[in-house]
Amino acid sequence: MDPITPEKTYIWITTLGDPNQAVGVGAAGCVLALFLSNMGAAFGTARSGVAILETTSIKPELVFKSIIPVVMAGILGMYGLIIAIILTQTISPTTEEMWNKPEQWTYDWKKAYCQLASGLCVGMSGLASGMTIGICGDAGIRGMLHRDILIAVILLMIFAEAIALFGFIVGVILAQG
């Protein structure tokens with residue numbers, strides 16, 4: 001084994017980028033997936049929850065029909081958690097002994113940017129879906145005071161959840177790249 005010389009080591013790191021800095025970019029993907037998808041879940045739960053309280057104070061029998069948006073919003077946080085677990089399984093720093101052998105690096109900038117894109121995809125779609133669930137759930141629950149529009153509310157929630165599901169699927173595909 002040849003000794004590690006600064007000239008040899010820094011040539012690879014200068015050319016290909018420090019693989020240990022790439023770990024931070026990949027970890028940012030995990031953080032963004034968790035944070036943004038849970039922000040969407042929190043917004044959807046809060047906005048729908050206020051409508052549930054107002055509606056059930058007038059008609060208490062609507063409490064179980066009104067809880068659908070809160071359940072759908074809660075699922076969004078799980079998408080972020082699942083993708084964060086998937087992403088953290090492949091993040092590993094490169095030891096100093098491997099700096100001279102870039103072909104043996106287990107983590108590089110390509111993987112890091114794929115994981116950042118994966119986290120952003122899941123997080124942003126979860127945030128958008130949560131906002132949609134919150135706004136449509138609010139209007140749907142208030143509308144149930146006047147008419148039985150449960151089927152319409154369920155359909156709205158399904159299509160709003162599909163935004164996050166599509167983002168999750170794309171995120172899983174990006175995480176493998």
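When reading the values below, keep in mind they use all heavy atoms of this one structure, side chains included, and skip hydrogens, waters and symmetry mates. Quick caveat, the model's predicted, so the values are computed rather than measured.
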* Test side-chain contact (heavy atoms from CB on, under 4.5 Å) applied to Leu34 and Cys30, step by step -> CA-CA 6 Å; Leu34 275 171; Cys30 297; 5.7 Å; no

* Structure fact -> One should read off an interatomic distance between Ile68 CD1 and Ile158 CD1, to the nearest 0.5 angstrom, of 9.0 Å

* Asked: Hey, what do you get for CG (Leu155) to CD1 (Ile149), rounding to the nearest 0.5 Å?
  -> 11.5 Å

* **Residues that Tyr113 engages under ring pair (Phe, Tyr, Trp, His ring centres under 6.0 Å), provided they are two or more places apart** => Trp109

* Are Lys65 and Asp148 close enough, and set up right, to give a side-chain contact (heavy atoms from CB on, under 4.5 Å), and what steps lead you there? -> CA-CA 10 Å; Lys65 289 181 180 179; Asp148 188 19; 3.7 Å; yes

* Structure fact -> For Ala160 and Thr132, the nearest pair of non-hydrogen atoms, with its separation, is CB-CG2, 3.6 Å

* Hey, does the side chain of Ser125 reach the backbone of Cys121 with a donor-acceptor pair shorter than 3.5 angstrom? -> yes

* Reported CG-to-CZ distance for the pair Asp138 and Arg142, which is rounded to 0.5 angstrom -> 4.0 Å

* Approximate separation, where rounding is to 0.5 Å, of Thr45 OG1 and Asn38 CG -> 9.5 Å

* To do: Compare every heavy atom of Met72 with every heavy atom of Met157, then report the nearest pair and how far apart it is.
  => O-CE, 3.4 Å

* Report yes or no: do Met144 and Ile154 belong to one cluster of Ile/Leu/Val/Met/Phe/Trp/Tyr joined by side chain heavy-atom distances under 4.5 Å? => yes

* Asked: Roughly how far, to the nearest 0.5 Å, is the CD1 atom of Ile163 from the CD atom of Glu161?
  -> 9.5 Å

* To do: Give a yes or no on whether Met39 atom CE has more than 12 heavy-atom contacts from other residues, nucleotides or ligands under 6.0 Å away.
  => no

* Would Leu165 and Tyr79 satisfy side-chain contact (heavy atoms from CB on, under 4.5 Å), going step by step from the backbone distance to the final call? -> CA-CA 8 Å; Leu165 185 60; Tyr79 290 150; 3.6 Å; yes

* To do: Provide the closest heavy-atom pair for Ile82 versus Phe168 in the form atom of the first, atom of the second, distance.
  => CG2-CZ, 3.6 Å

* For the pair Thr56 (side chain) and Leu62 (backbone), establish whether a donor and an acceptor sit closer than 3.5 Å, ignoring hydrogens and angles. => no

* If every non-hydrogen atom of Ile141 is compared with every non-hydrogen atom of Ser66, which pair is closest and at what distance? -> CD1-O, 3.3 Å

* To do: Examine distances only and state if a side-chain atom of Ser57 and a backbone atom of Glu54 form a donor-acceptor pair shorter than 3.5 Å.
  => yes

* Structure fact -> Tightest non-hydrogen contact, residues Leu87 and Ala175, listed as CD2-CB, 3.5 Å

* Cluster question for you: counting only ILVMFWY and a side-chain heavy-atom cut-off of under 4.5 Å, with indirect links fine, are Ile75 and Val153 together? -> yes

* Any Lys59 side-chain heavy atom under 4.5 Å of Leu145 side chain -> yes

* Asked: Can you find a pair of side-chain heavy atoms, one from Lys111 and one from Thr90, that are under 4.5 Å apart?
  -> no

* Provide the closest heavy-atom pair for Gly77 versus Ala41 in the form atom of the first, atom of the second, distance. => N-CB, 3.9 Å

* ILVMFWY cluster, Ile135 and Leu36 together (side-chain gap under 4.5 Å) -> yes

* **ring pair (Phe, Tyr, Trp, His ring centres under 6.0 Å): pairs with one or both residues in residues 124-167, sequence neighbours excluded** => none

* side-chain contact (heavy atoms from CB on, under 4.5 Å) assessment of Ile86 paired with Ser118 -> CA-CA 10 Å; Ile86 290 171; Ser118 174; over 6 Å; no

* Between Leu116 and Ile173, is there a shared hydrophobic cluster once you connect ILVMFWY residues whose side-chain heavy atoms come closer than 4.5 Å? -> no

* Asked: Are Leu76 and Val70 co-members of a hydrophobic cluster defined by side-chain heavy atoms under 4.5 Å apart?
  -> yes

* Structure fact -> Rounded to the nearest 0.5 Å, the OG1 atom of Thr88 sits from the CD1 atom of Ile91 at a distance of 6.5 Å

